[in-house]
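This is the structure I want to talk about, given as structure tokens.
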2 protein chains.
Amino acid sequence: MASSVFLPHNHQHCVQDALRQADTYCEEQGVRLTPLRRRVLELIWEEHKPIGAYDLLARIASEGFNSAPPTVYRTLDFFIQHGLIHKVESLNAYIGCNHEQGSHTSVFFICQNCGVTEELQNPAIEGQLALQAAGMGFQINHPTLEIKGLCKACRHA
Amino acid sequence: MASSVFLPHNHQHCVQDALRQADTYCEEQGVRLTPLRRRVLELIWEEHKPIGAYDLLARIASEGFNSAPPTVYRTLDFFIQHGLIHKVESLNAYIGCNHEQGSHTSVFFICQNCGVTEELQNPAIEGQLALQAAGMGFQINHPTLEIKGLCKACRHA
DNA sequence: AAAATTTGCGTTACATTATAACCTAGCATT
DNA sequence: AATGCTAGGTTATAATGTAACGCAAATTTT
């Protein structure tokens, strides 16, 4: 298990997997992956970098879709609600998720140099958070764990 | 060590401590805690809740200070730079910090019901993050750890 | 199939958060 | 006094996000 978005990889597979997963998920849930939604998801997955709502908007607008903000925000909301993307709060940007759907605790490692961002699940971190919360009587609903820094490649360059 | 901002406490002390710490820090560093800055910091510390830039702006404007956004954003930048406040990214809001100055890793527990937010340092969490990062060859520069949920009191109410 | 309902999205307008750029006044050092 | 530096005034605009209304296509109900 040496796979990481920070390493060279056949990115076609990422995109294809993501879209296939989304297809399956939407069919299971009885929700529609419309042309607009499909295209937005594809654009989000184009790189392993969070993309801003207005960047997305410009892209889809240039392809003939409607160019008003609600168009893209509605689509983003849809995907967030269904766990297919996440919002990266510290960047006001959005990134695809290929982990199990439903709520899960993820840590995002964001390279400040190249922008590449990896979502990881780490039970040890999750465990320590749960422990801390339990001690306070705090009920965790939604963790935001975003780590900015330098990926291996950028650190060595 | 049962102290927590989620529990009843003499809040005067929090504010006074924060301002005294800021005074000391600014003197040591040879930077100025001007009337505007002092007042902004005081307003930020008024409650243990993150406050928005424009909320702050309205408050200081009503007290005769200039009411244009740069006024408050410059002040916020100053405090962030000097580690006297933090930005809560997931709320676009700002909160006072009474931990050691200089960069430190904090976890913010944010009650979605009452808004009260506690900043904690947790070496175990920090350690697990460092471990994960080390394994990836990732250099951590700035962690954003914000946990939304319900504090003990709100959970029981 | 027709009617009713829901869903997706077009559209307009606006709200919220943040920054760029330029200028002035005061203070600090020489 | 002259110089440079810092704080902040001022104008304008950028970037991000939402409310509200309407219509048309898809889905469900009758």
Enter the inter-axis angle for the ends of the helix from C:dA1-D:dT30 to C:dT30-D:dA1 (five pairs per end, rounded to 10°). 30°

Taking CD from B:Gln81 and C1' from D:dA7, how many angstroms apart are they, rounded to a whole number? 14 Å

Answer yes or no: is there a donor N or O on one side and an acceptor on the other, between the side chain of A:Thr117 and the main chain of A:Gly115, under 3.5 Å? yes

Sequence-distant partners of B:Glu63, salt bridge (charged side-chain N to carboxylate O under 4.0 Å, His left out), two or more places apart: B:Arg39

When rounded to whole Å, the CD1 to P distance for the pair B:Ile60 and D:dA7 reads 16 Å

How many whole angstroms separate atom CG of A:Leu91 from atom P of D:dT16? 10 Å

Considering only heavy side-chain atoms of B:Thr34, the closest of D:dG8, D:dT10, C:dT11 is D:dG8

Of the candidate nucleotides C:dT11, C:dA18, D:dT10, which contains the atom at the shortest distance from the side chain of A:Pro70? C:dT11

Report yes or no: does A:Lys49 contribute a side-chain atom to a donor-acceptor pair with the main-chain N or O of A:Cys114 at less than 3.5 Å? yes

Identify which nucleotide among C:dG10, C:dT19, C:dT7 has an atom closest to any side-chain atom of A:Arg32, counting heavy atoms from C-beta outward. C:dT7

With side chain to side chain contact (heavy atoms under 4.5 Å, CB included) as the criterion, how do A:Leu129 and A:Glu126 come out once you've worked through the C-alpha distance, each side chain's angles and the decisive distance to 0.1 Å? CA-CA 5 Å; A:Leu129 273 175; A:Glu126 199 171 344; 5.7 Å; no

Listed nucleotide nearest any side-chain atom of A:Arg37, set C:dG8, D:dT18, C:dT17: C:dG8

Separation of D:dA15 atom P from A:Asp55 atom CG, nearest Å, is 10 Å

Hey, can you pull the donor-acceptor pairs under 3.5 Å for the side chains in residues 131-145 of chain B, sequence neighbours left out?
{"residue": "B:Gln132", "atom": "OE1", "partner": "A:Asn122", "partner atom": "ND2", "Å": "2.6"}
{"residue": "B:Gln139", "atom": "NE2", "partner": "B:Asn141", "partner atom": "OD1", "Å": "2.8"}
{"residue": "B:Asn141", "atom": "ND2", "partner": "A:Gln112", "partner atom": "OE1", "Å": "2.9"}

C:dA18, D:dT11, D:dT18: which one has an atom nearest the side-chain heavy atoms of B:Lys87? C:dA18

Let me know the distance between CG of A:Leu33 and P of C:dG8, rounded to the nearest Å. 11 Å

Tell me the interatomic distance from B:Leu57, atom CG, to C:dT19, atom P, rounded to whole angstroms. 14 Å

From CG of B:Leu36 across to P of D:dG9 the rounded distance in Å is 7 Å

Within 45° of the ring axis of A:Phe79 and under 6.0 Å from its six-membered ring centre, is that where the NZ or CZ of A:Arg37 lies? no

Between B:Asn92 and B:Pro69, who's closer to the 5' end of DNA chain D by nearest nucleotide? B:Pro69

Measure from the side-chain heavy atoms of A:Thr71 and tell me the nearest of C:dT19, D:dG9, C:dT11. C:dT11

What do you reckon, are the aromatic ring centroids of B:His9 and B:His11 less than 6.0 Å apart? yes

Are B:Tyr54 and the base of C:dT17 stacked, counting only ring centres nearer than 5.5 Å and planes tilted under 30°? yes

Between D:dG9 and B:Arg74, counting only base atoms on the nucleotide and side-chain atoms on the residue, is there a donor-acceptor pair under 3.5 Å? yes

Integer-rounded Å distance: C:dG10 P and A:Phe65 CZ: 9 Å

Among C:dA18, C:dG10, D:dG17, the one nearest any side-chain atom of A:Asn66 is C:dG10

Ring centres under 6.0 angstrom apart (B:Tyr94, B:His86): no

Shortest side-chain distance from A:Tyr73, nucleotide among D:dG8, D:dT16, C:dT11: D:dT16

